[in-house]
Amino acid sequence: MIVDDQVMVRAGLAAIVGSQDDLEVVGEAGDGATALTLAAAVTPDVVLMDVRMPGMDGLAATERLAASASPPKVLVLTTFHQDAHVFQALKAGASGFLLKDADPADLVAAIRVVAAGEAMLSPTVTRRLIDAFATGAVAAAPEADRRLAALTPREREVLLGVARGLSNAEVGAELGIGVGTVKAHVNALMAKLGAANRVQATIVAYDLGLVRPR
């Protein structure tokens, strides 16, 4: 589903997505409130979400979608790359964040990545996120310590791998366990941390100093 207040932008995104054999546009909306109603009707797997829209903006709509019974994956697309938008989108439950000037191939790849349950950030956004942790611009969640204490030693090891950007296969190879076991640990630790995706779990890891920016 495509959510953007500009008709021409929606048409362009729909053309890119529709050109792929494995992707289908099931709906379009011009604001956050309409997107919530439409999502309940068409149950999309992935939502391409603009940030700035009249009425309910994309950040508020993302948070509402993430809290729904069957939340879709949200890929935030915007021409803006202020830190506040990035952090708010990720904390609201977005699975990815791309700038609208990304290549069509990168957009399509990002849709497939978030549909598969992974997180997707543009290289520019990733760099800004890490820089923010390095400078202390991102404040630690007040309940992060308590949530971390709920993790088993193995779940903490898996979290460290996730925070370093490793795939499940890479984490498994490093720890000597199967991919299925890694996935089970990832699902368990995200539930304990209250993280909607791997990016939010990574934020907790950086908050607590388990991983240091390099």
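These numbers were taken from a predicted model, which means no experiment stands behind them.
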Worksheet item: Are Val186 and Val171 close enough that some pair of their side-chain heavy atoms sits under 4.5 Å apart?
Response: no

Discussion item. So which atom in Val3 and which in Met1 form the shortest heavy-atom distance, rounded to 0.1 Å?
Written reply: CG2-CE, 3.9 Å

Let me have the donor-acceptor pairs involving side chains of residues 109-117, under 3.5 Å, with sequence neighbours excluded, atom names and distances please.
| residue | atom | partner | partner atom | Å |
| --- | --- | --- | --- | --- |
| Arg112 | NE | Asp22 | OD2 | 2.8 |
| Arg112 | NH2 | Gln20 | OE1 | 3.0 |
| Arg112 | NH2 | Asp22 | OD1 | 3.0 |

Item to complete: Identify the heavy atoms of Gly32 and Ala61 that sit nearest to each other, and give their distance.
Response: CA-CB, 3.8 Å

Discussion item. To check you understand the geometry: which heavy-atom pair defines the closest contact between Val26 and Pro44, and what is its length?
Written reply: CG2-CB, 4.0 Å

Discussion item. For the CG atom of Asp4 and the CG atom of Leu77, what is their distance to the nearest 0.5 Å?
Written reply: 8.0 Å

Worksheet item: From Met53 CE over to Leu59 CG, what is the distance, rounded to the nearest 0.5 angstrom?
Response: 8.5 Å

Worksheet item: Would one find more than 12 heavy atoms of other residues, nucleotides or ligands at under 6.0 Å from atom CD of Glu157?
Response: yes

Item to complete: Identify the two heavy atoms, one from Met190 and one from Ala201, that lie closest to each other, and give their separation to 0.1 Å.
Response: CG-CB, 4.3 Å

Fill in: Which atom of Asp106 lies closest to which atom of Leu98, heavy atoms considered
O-CD1, 4.1 Å

Worksheet item: Crowded around Asp45 CG? As in, over 12 foreign heavy atoms under 6.0 Å?
Response: no

Worksheet entry | Separation between NZ of Lys192 and CD of Glu155, rounded to the nearest 0.5 Å | 3.5 Å

Discussion item. If we ignore hydrogens and angles and just use 3.5 Å, is the side chain of Asp31 paired with the main-chain N or O of Ala33 as donor and acceptor?
Written reply: yes

Discussion item. How long is the straight-line distance from CG of Asp5 back to CZ of Arg10, given to the nearest 0.5 Å?
Written reply: 8.0 Å

Worksheet item: Between CG of Asp50 and NZ of Lys100, what distance do you get to the nearest 0.5 Å?
Response: 3.5 Å

List the atom pairs, with distances to 0.1 Å, where a side-chain N or O of residues 172-184 and a protein N or O form a donor-acceptor pair under 3.5 Å, not counting sequence neighbours.
| residue | atom | partner | partner atom | Å |
| --- | --- | --- | --- | --- |
| Glu174 | OE1 | Arg164 | NH2 | 3.0 |
| Glu174 | OE2 | Arg164 | NH1 | 2.8 |

Discussion item. With rounding to the nearest 0.5 angstrom, report the CG to CG distance, Leu193 to Leu151.
Written reply: 5.0 Å

Discussion item. Show the nearest heavy-atom pair for residues Ser19 and Ile16, with the distance to one decimal.
Written reply: OG-O, 2.6 Å

